[in-house]
Amino acid sequence: MKIENTVALVTGANRGIGLAFARALLARGARKVYAAARDPATVTQDGVQTLRLDVTRPEDVAAAAALASDATLVINNAGIAQPGGFLAADSEDVARRIFETNFFAVLRMSKAFAPILKGNGGGALLNVLSVASWVNGGELAAYSASKSAAWSLTNALRSELAAQKTQVLGLHMAYVDTDLTRGFDVPKSSAQEIVRRALDGLESGLDEVLADDLTLQVKQGMTAARPSYLPQAS
């Protein structure tokens with residue numbers, strides 16, 4: 001789809017990748033950008049329409065869908081993370097909390113806006129995922145698992161929404177220089193570059209964007225050889 005003249009809704013648009021999306025959409029000629037955040041007062045970007053939205057609250061999602069009924073592009077960006085492995089004492093509580101935002105909220109938003117996108121000509125869903133969709137070393141165990149689930153959800157939505165001509169794009173990347181990764185001493189991409197590649201891919205009609213070199217290497221490694229736990233060709 002083309003960005004120019006689109007009406008976009010971005011979750012978690014008050015900072016980081018969400019804010020970069022809002023700015024890039026305006027720069028590319030979007031007619032309207034709904035910048036959604038739990039506290040609209042934290043959205044400081046000029047030229048957007050702020051929207052109160054806690055994606056974990058069904059009533060907020062329903063209200064957002066009623067207000068943004070002209071949306072043609074929904075970017076499911078809001079996400080949370082917490083360090084820790086699955087054997088930690090609080091891992092079940094952590095996993096439930098992270099899945100509520102990173103998986104169930106994406107599902108909730110997609111269900112609420114799919115009919116709207118259909119009514120507006122098809123449009124697109126863009127789900128912000130991660131290289132952690134495919135690898136889990138235990139340092140961010142619940143986060144990685146939630147992104148794996150969100151990747152599977154994205155693939156299923158692509159099939160389910162094909163008939164209504166809704167493009168569904170999954171965005172994968174490694175560490176990005178945002179508040180979420182402030183405590184990690186690792187190489188990081190800029191949010192602006194990640195968003196540029198994502199929107200370029202959206203306009204090119206892609207299903208998936210691998211937005212940095214590490215993500216590309218991981219995906220290539222997955223497809224280079226069949227994992228040993230899968231049936232081998234005879």
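The structure presented is a predicted model; accordingly, all values stated were derived computationally and were not measured.
In this structure S190 satisfies the side chain to side chain contact (heavy atoms under 4.5 Å, CB included) test together with Q192, E193, sequence neighbours excluded. For R57, the salt bridge (Lys or Arg N to Asp or Glu O under 4.0 Å) partners at least two apart in sequence or on another chain are E59, D60. Every residue meeting the side chain to side chain contact (heavy atoms under 4.5 Å, CB included) condition with D200, not counting sequence neighbours, appears here in chain and number order: R28, R196. The side chain to side chain contact (heavy atoms under 4.5 Å, CB included) check on L25 picks up I3, A8, V10, A30, V33, L73, I75, L199, with sequence neighbours excluded. Residues passing the salt bridge (Lys or Arg N to Asp or Glu O under 4.0 Å) test with E100, sequence neighbours excluded: R108. Residues forming a side chain to side chain donor-acceptor pair (under 3.5 Å) with N127 (at least two apart in sequence, or on another chain): N76, T154.
Between the side chain of S146 and the backbone N or O of N102, no donor-acceptor pair lies under 3.5 Å. R197 contributes a side-chain N or O that, together with a main-chain N or O of A211, makes up a donor-acceptor pair within less than 3.5 Å. With hydrogens and angles disregarded, no donor-acceptor distance shorter than 3.5 Å links the side chain of E139 to the backbone of G85. A donor-acceptor distance shorter than 3.5 angstrom exists from the side chain of N77 to the backbone of T11, with no hydrogens or angles considered. With hydrogens and angles ignored, the 3.5 Å screen pairs no side-chain donor or acceptor of Q49 with any backbone N or O of A36.
V61 forms part of a hydrophobic cluster together with V7, L9, Y34, L51, L53, V55, L67, V74, F99, F103, F104, V106, L107, M109, F113, I116, L117, L125, L153, L157, L161, V168, judged by ILVMFWY side-chain heavy-atom separations under 4.5 Å.
Considering every non-hydrogen atom in both V43 and A35, the closest pair reads CG1-CB, 3.7 Å. Between T42 and A37, the closest heavy-atom pair is OG1-CB, 4.1 Å. Smallest separation of non-hydrogen atoms from G12 and A78: N-CB, 4.0 Å. Taking every heavy atom of both residues into account, A24 and V195 meet most closely at CB-CG1, 3.6 Å. Of all heavy-atom pairs spanning A145 and N136, the tightest one is N-ND2, 3.9 Å. Nearest heavy-atom pair across A132 and S148 is O-OG, 3.9 Å.
Looking only at atom types and distance, the side chain of T215 has a donor-acceptor partner in the side chain of D212 under 3.5 Å away. Checking T6 against T72 by side-chain atom types alone, a donor-acceptor pair falls below 3.5 Å.
Evaluation of the salt bridge (charged side-chain N to carboxylate O under 4.0 Å, His left out) test over residues 41-50, restricted to residues two or more places apart or in two chains, returns none. Under the salt bridge (charged side-chain N to carboxylate O under 4.0 Å, His left out) criterion, the residue pairs touching residues 150-176 are R158-D207, with sequence neighbours excluded. Applying the salt bridge (charged side-chain N to carboxylate O under 4.0 Å, His left out) definition to pairs two or more places apart or across chains, none involves residues 114-125. Counting only residues at least two apart or in different chains, ring pair (Phe, Tyr, Trp, His ring centres under 6.0 Å) contacts with residues 117-140 comprise W134-W151, W134-H172.
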Practice problem: Take E203 and M1 through the side-chain contact (heavy atoms from CB on, under 4.5 Å) test and state the conclusion after the steps. | Solution: CA-CA 5 Å; E203 292 200 305; M1 72 175 299; 6.0 Å; no

Quiz item: Given the rule in the side-chain contact (heavy atoms from CB on, under 4.5 Å) test, do L129 and L171 qualify, once you have shown the distances and angles that lead to the verdict?
Solution: CA-CA 5 Å; L129 304 173; L171 170 63; 5.8 Å; no

Quiz item: V128 and F21: side-chain contact (heavy atoms from CB on, under 4.5 Å), yes or no, with the steps?
Solution: CA-CA 11 Å; V128 177; F21 266 118; 4.0 Å; yes

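Linking ILVMFWY side-chain heavy atoms closer than 4.5 Å, directly or via other members, places V209 and L126 in a single hydrophobic cluster.
E208 has its side chain within reach of K219: a pair of non-hydrogen atoms, C-beta onward, lies under 4.5 Å apart. Within the 4.5 Å cutoff, side-chain heavy atoms of Q45 are placed close to those of L26. Contact annotation: the side chain of S130 approaches that of Y143 to within less than 4.5 Å [non-hydrogen atoms, C-beta and beyond].
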List the atom pairs, with distances to 0.1 Å, where a side-chain N or O of residues 91-98 and a protein N or O form a donor-acceptor pair under 3.5 Å, not counting sequence neighbours.
residue	atom	partner	partner atom	Å
S91	OG	F86	O	2.7
S91	OG	A88	O	3.2
R97	NH2	Q82	OE1	2.3

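Here the straight-line distance linking atom CD of Q167 with atom OG of S204 works out to 9.0 Å at 0.5 Å rounding.
Taking the charged nitrogens against the carboxylate oxygens, E4 and R31 have no contact shorter than 4.0 Å, which rules out a salt bridge.
The environment of D213 atom CG is sparse: at most 12 non-hydrogen atoms of other residues, nucleotides or ligands sit within 6.0 angstrom.
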